[in-house]
J.: 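This is the structure I have questions about; it appears just below.
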Amino acid sequence: MNSPQNDLLITNARLATMNSVDGDPLGVLDDGAMVISDGLITWIGAAPNAPFMDNRLDAEGAWITPGLIDCHSHVVYGGNRAGEFAMRLEGAGYEEIARAGGGIVSTVSATRAASEDDLLKQALPRVDALMASGVTTLEIKSGYGLNAETECRMLDVARKIGRERQINVSTTFLGAHALPPEFTGQEDAYIDLVISDMLPAAVDAGLVDAVDAFCEGIAFSPAQVRRVFEAARDLGLPVKLHAEQLSDLKGTVMAADFGALSVDHLEYVAQDGVDAMAASGSVAVILPGAFYYLHETQKPPIQALRDAGVSMAVATDANPGSSPVFSILSAMNMACVLFDMTTTETLVGATINGAHALGMYDRGRLATGMRADLACWHVGDVAELSYAMGATPLAWSMVGGAMVNA
Ligand code: NIG
Ligand code: FE
């Protein structure tokens, strides 16, 4: 691992600062420079005004953005679901497979059977792919353990990833992701276990930054999720929710009531949910990978979210079932092509709004005092980040002022 640079002057860069100026959300500084010290940006401005420094890095005219933020992922899991992918292509539906004991529950069996080392070994290449797409902060959820021991093992692996790689990891407890087979027909009893055993165990082990749940017909009702959120609130933890992905259960309205950091998916959200998010300031996390893989046709109401002034983030939802997508740039591209988001909206969505979806206000834009988490790109214009699929335009990235090893 590289150590943080001190008094480093980065010159000859085109900066997309993401500080909205005069209606331009990109806040472009064409001939920009930055000073990095103690892991932070300590000066930023026009190159001719930059202080003199011996230690310099020439960006050679390339673009620099804040390091990208993937605010919704499930990269720690055992096995994969390529077999289920093939079944879906032969006509089986995602919900049908889930109800027949496949889907999330099949990943639960593989995850329970995997050791901590196995889980780490399987997750690292996924994380490396995300890092190669410019990600410097990655949220990782539990949710394939569905018992205290395995949920904690998953979160422990997530935290280890942050030590094994130069990436910031934020951990989210997703115990209420699916009903484990041993609780068939006993949803409320499982929620009791989540509240009384699983969540406290993960919190006691210091492994939880936020609490999430899956509110859906194949998962949990708003009333059940509400109980989990009350427990989170009692523990002082922020909440977020997978909601209205396959139907409109009004989970969004309930989550907004709790001041959720974000509500994610949202394909079926109605105007009441949009209005509730606008009032609560929750970020709408748009996940086009799951829409794409599940051949969905109902799109999230992007225009209604815009009109209501709801901030939108874009994330990979990287997971073995509904979104085996391991590039934030691919997710940005899909959000443009499938949902007609603009290339600027997707970049805002993978930087400042992604940060806010995680309750982080020290990153996601380039300004004095912000973390020195940067991505430098070989592109002629930052629109290209959302334009190509499968391209690898990252020149270098930096986390907390330290260059990331390629
Ligand atoms: O975000 N929606 C629920 N959870 C995941 C899917 C997980 C899976 O299919 O394994 C998601 O899409
Ligand atoms: Fe998800």
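For reference, positions follow the sequence shown, starting with 1. Whatever order the structure lists them in is the order used to number ligands and atoms, beginning at 1.
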J.: Count the heavy atoms of every other residue, nucleotide or ligand shown that sit under 6.0 Å from OH of Tyr387, and state whether that count exceeds 12.
T.: no
J.: Describe, in one word, how the ring planes of Tyr77 and Tyr144 are oriented to each other, choosing from parallel (under 30°), tilted (30 to 60°) and perpendicular (over 60°).
T.: perpendicular
J.: Using a strict cut-off of less than 4.0 Å between a Lys/Arg side-chain nitrogen and an Asp/Glu carboxylate oxygen, indicate whether Lys240 and Glu139 qualify as a salt bridge.
T.: no
J.: Identify all side-chain donor-acceptor contacts of residues 278-294 below 3.5 Å with residues at least two apart in sequence or on another chain.
T.:
| from | atom 1 | to | atom 2 | distance (Å) |
| --- | --- | --- | --- | --- |
| Ser280 | OG | Ala276 | O | 3.2 |
| Ser280 | OG | Met277 | O | 3.3 |
| Ser280 | OG | Ser282 | N | 3.3 |
| Ser280 | OG | Ser282 | OG | 2.7 |
| Ser282 | OG | Ala260 | O | 2.6 |

J.: Report all N/O contacts between ligand 1 and the protein shorter than 3.5 Å as a table of atom names and distances to 0.1 Å; if there are none, say 'none'.
T.:
| from | atom 1 | to | atom 2 | distance (Å) |
| --- | --- | --- | --- | --- |
| ligand 1 | 1 (O) | His74 | NE2 | 3.3 |
| ligand 1 | 1 (O) | His242 | NE2 | 3.1 |
| ligand 1 | 1 (O) | His265 | NE2 | 3.0 |
| ligand 1 | 1 (O) | Asp317 | OD1 | 2.8 |
| ligand 1 | 1 (O) | Asp317 | OD2 | 2.9 |
| ligand 1 | 2 (N) | Gln245 | OE1 | 3.1 |
| ligand 1 | 4 (N) | His177 | NE2 | 2.8 |
| ligand 1 | 9 (O) | Arg81 | NH2 | 2.8 |
| ligand 1 | 9 (O) | Tyr94 | OH | 2.5 |
| ligand 1 | 10 (O) | Arg81 | NH1 | 2.9 |
| ligand 1 | 10 (O) | Arg81 | NH2 | 3.2 |
| ligand 1 | 10 (O) | Tyr144 | OH | 2.7 |
| ligand 1 | 12 (O) | Asp317 | OD2 | 2.8 |
| ligand 1 | 12 (O) | Ser322 | OG | 2.6 |

J.: Output all residues satisfying ring-ring contact (aromatic ring centres under 6.0 Å, His included) with Phe229, sequence neighbours left out; order by chain, then residue number.
T.: Phe258
J.: Can you give the angle Asp317 OD1 - the Fe ion (ligand 2) - His242 NE2, rounded to 10°?
T.: 170°
J.: Using only atom types and a distance under 3.5 Å, with no angle test, would you say the side chain of Ser142 pairs donor to acceptor with the backbone of Leu174?
T.: yes
J.: With a cut-off of 2.8 Å, does Asp264 put an N/O/S atom close enough to the Fe ion (ligand 2)?
T.: no
J.: Excluding sequence neighbours, so at least two apart, what forms side chain to side chain contact (heavy atoms under 4.5 Å, CB included) with Ala176?
T.: Ile191, Ala213, Phe220, Val228
